[in-house]
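Data first, discussion second: the structure below is written as structure tokens.
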Amino acid sequence: MTKLSEKTRGRRHHFFDDPAMDQLLSMLLATLSELSVTRERLFAMQRLAEEKGLFTREEIEGFQFSEDDENALSEDYNRMIKECFYPLGFDYRPTHKVKSADGTSHRPETEFETQDQSTVLRFGGGSNRMKAAS
Amino acid sequence: MLPQLGHELQVSRTRDEDARSRFVMNLRDYVLNDVARQMQDTYKSRRDALARRDEDVPADGDDVHDLLIDEPIFKFYSAVRYNAQEMCHRAVIPAIDRQREDLSKRAAALSSERDVGGTLTLDPEFQVPRYVEGIDVHLMPGSYVAGDDNGDARGGALYDNAISIFAFGRLGKHMDDIGWSMSKFVRQTFADFKPKKILDVGCTIGHNTLPWAQVFPDAEVHAVDVAAPVLRYAHARAQSLGVPVHFSQQSAEDLKFEDNSFDLVFSSMFLHELPLAAIKNFLREARRVLKPGGLMLNMELPPNCHMHPYDQFYLDWDSRYNNEPFYKTFRDQNCPELCVEAGFPRDTFFHAAVPQYTIVKEDKFKDLIRINPNAEMLAKTGTLAEDCVHRYCFGAWKQSSGGN
């Protein structure tokens, strides 16, 4: 028996000027859904723990972190925030074709600078060849 | 509270699947209430600003759409709502697929082994119209024919499980509020009318069919649809609930019943899924199979001619963005003219605003029915009012004597 498709046939609507925004929103909502799954399991675990007399909600609320606990938590949040913001500060280059006044289009140039900044390699600009800048 | 289907075709869900379903319900609640309200407030500000400058304000839903389309709140409303619609189906498909063999066996056993009195007649040569099998209507992957290549009922399971999330549990215990509301409307409004043979056209999983058999227990109830998976599910479901209905695979445009064979022909949330030519063919067929003096009743979304511009836009959103390509064409029609064109006498046409029976219950229901309501009441149909949704329906009676 073949499986049902989870994907609707046909083109998908996008509502933002850039469809990537729509994709990001979908990814965000999928992430929220996964978070809901985690929260629901935690909720069930908490209730089970209460019923079995393991620990209560109040004990979770009142649990005092040690200084080591606090430091570990801060480190984890720091890691998580950096992970989420990792592209911040990246230099973005356009990858779309640029139209010239005469109506022709070409890919904009891409530059790579060598470490000692003595050479700039240019790639693109209508050519597939890498050439060193003069 | 996650709604339960209330019959033996219920698929079991994991905790994680329950969580995803619960999340989608809450997401839909958020976008249809909070975000929708913000969008309407934005529209009112924009419209008021136009009025203050003595410029033309939107005259219809298309104008409202043009005004709002570049607003960020419209983009977010639309994108979140679109995603939530997809997520309704994605939330239930894994459970259905995981249990597909078992679901098939259960449906087959219910259909063949339970003595309820209903029947199922499928036509292996039947050609499903392209306007059904070619569109994943309301973003349902595979549409009503999902799973049909394996001869199973998964299309029905997909529909049943997805609308249980979609409707927030506000469609009654068995997703059958529309069927209860319409059958009770007929019983209480036309007290002398005692239909003995009733036909539900475009019945899908029979959720709005069974109430007719329960409200008119002396009637023989038939139901047709074009898609085999939903019909298999419908019959098994009816067997499980102990209600006899005769399901068959037929097209509304070309019913196989004899002339003058039914007292009542009913449809619910059906016409907006048909191209206009198919609607007209169906209405002619409805009249043909009705006995003289019989009633045709269609529950539908309210026509645009009765709605304020903003509500026209709000309901037409589905036509533009929810894979409901025929929605707006139907809602732009003049219902009395459609009935007259099908051969019904003009003076028998009526329409009504009917409250939700499963919410307001028996004691309040009759008093809240408005037959041939005023413009203000008509403008509120199809959207959530203080107590419940007041649904739009229209109908006509076949002339009592004379030829076809």
Side-chain angles (χ1 to χ4, degrees), chain A residues 1-57 59-61 76 80 83-85 87-88 92 94 96, chain B residues 14-24 26-27 31 69-70 72 74-87 89-94 96-98 100-101 103-104 133-143 146-147 149-152 154-155 157-158 229 320-323:
Chain A
M1 221 182 223
T2 55
K3 293 179 95 169
L4 292 174
S5 169
E6 286 194 30
K7 190 179 166 303
T8 316
R9 287 173 292 171
R11 297 179 75 179
R12 206 162 173 258
H13 274 297
H14 72 94
F15 299 97
F16 297 93
D17 293 339
D18 185 350
M21 269 282 286
D22 291 80
Q23 289 180 306
L24 271 176
L25 181 62
S26 297
M27 292 171 192
L28 173 64
L29 291 173
T31 308
L32 270 178
S33 176
E34 289 304 304
L35 179 58
S36 299
V37 167
T38 307
R39 289 179 77 89
E40 192 152 322
R41 293 197 85 88
L42 271 178
F43 189 94
M45 282 173 67
Q46 199 163 283
R47 289 281 289 108
L48 259 176
E50 278 176 337
E51 268 178 34
K52 291 181 184 293
L54 297 180
F55 51 84
T56 64
R57 257 174 247 262
E59 283 173 307
I60 292 179
E61 281 298 324
D76 192 40
M80 186 175 70
E83 187 63 36
C84 287
F85 281 91
L88 203 65
Y92 283 88
H96 54 273
Chain B
T14 63
R15 171 159 303 286
D16 292 4
E17 284 161 354
D18 268 355
R20 290 192 188 99
S21 297
R22 216 187 307 279
F23 171 75
V24 179
N26 282 283
L27 183 66
V31 71
I69 195 169
D70 288 322
F74 168 80
K75 295 179 191 190
F76 273 101
Y77 167 83
S78 302
V80 174
R81 203 181 142 186
Y82 188 89
N83 275 275
Q85 185 76 10
E86 288 184 327
M87 290 169 96
H89 301 103
R90 289 167 60 85
V92 303
I93 284 172
I96 294 168
D97 257 344
R98 188 174 58 251
R100 56 191 185 271
E101 307 277 356
L103 188 61
S104 236
E133 62 90 15
I135 300 168
D136 283 350
V137 70
H138 50 255
L139 302 178
M140 184 167 68
S143 192
D149 57 343
N150 287 288
D152 65 82
R154 280 178 294 165
L158 177 55
R320 291 192 165 91
Y321 303 118
N322 202 36
N323 267 24

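In what follows, chains carry the letters A, B, and so on, assigned in the order in which the sequence lines appear, proteins first and then strands, with residues in each chain numbered from 1. As a basis for the values below, the full set of heavy atoms in this structure was taken, side chains included, without hydrogen atoms, waters or symmetry mates.
- When heavy atoms are compared at a cutoff of 4.5 Å, B:Tyr82 approaches chain A solely by way of its side chain, counted from C-beta outward.
- Of all the listed residues (A:Arg9, A:Glu6, A:Glu40, A:Lys7), the one sharing the greatest number of non-hydrogen pairs under 4.5 Å with chain B is A:Arg9.
- A salt bridge is absent between B:Glu17 and B:Arg20: the closest approach of a Lys/Arg side-chain nitrogen to an acidic carboxylate oxygen does not fall below 4.0 angstrom.
- Counting heavy-atom pairs under 4.5 Å between each of B:Arg320, B:Arg100, B:Met140 and chain A puts B:Arg100 at the top.
- Among residues two or more places apart in sequence or in another chain, the ring-ring contact (aromatic ring centres under 6.0 Å, His included) test is passed with A:Phe55 by none.
- In terms of heavy-atom pairs under 4.5 angstrom with chain B, the leader among A:Thr38, A:Val37, A:Leu35, A:Leu28 is A:Val37.
- Annotation: maximal heavy-atom pairing with chain B below 4.5 Å, among A:Phe16, A:Phe15, A:Phe43, occurs at A:Phe15.
- Looking at B:Val24, there are no atoms closer than 4.5 Å to chain A (heavy atoms on both sides), in backbone or side chain.
- Salt-bridge formation is not detected for the pair B:Asp97/A:Lys3: no Lys NZ or Arg NE/NH1/NH2 atom is positioned less than 4.0 Å from an Asp or Glu carboxylate oxygen.
- For B:Ile135, the part sitting under 4.5 Å from any heavy atom of chain A is the backbone (N, CA, C, O) and nothing else.
- A:Ser26 and B:Asn83 share a donor-acceptor pair across their side chains, judged by distance under 3.5 Å alone.
- If you measure heavy-atom distances from A:Leu32 to chain B, the contacts under 4.5 Å come from both the backbone and the side chain.
- Screening residues 15-27 of chain A for salt bridge (Lys or Arg N to Asp or Glu O under 4.0 Å) gives A:Asp17-B:Lys75 as the qualifying pairs, with residues at least two apart or on separate chains.
- If you measure heavy-atom distances from B:Asp18 to chain A, the contacts under 4.5 Å come from both the backbone and the side chain.
- Of all non-hydrogen atoms in B:Leu139 and A:Thr8, the two that sit nearest each other are O-OG1, 3.6 Å.
- Both the backbone and the side chain of A:Arg12 come within contact range of chain B, each with at least one heavy atom under 4.5 Å from a heavy atom of that chain.
- With salt bridges taken as basic N to acidic carboxylate O contacts below 4.0 Å, none links B:Glu86 and B:Arg90.
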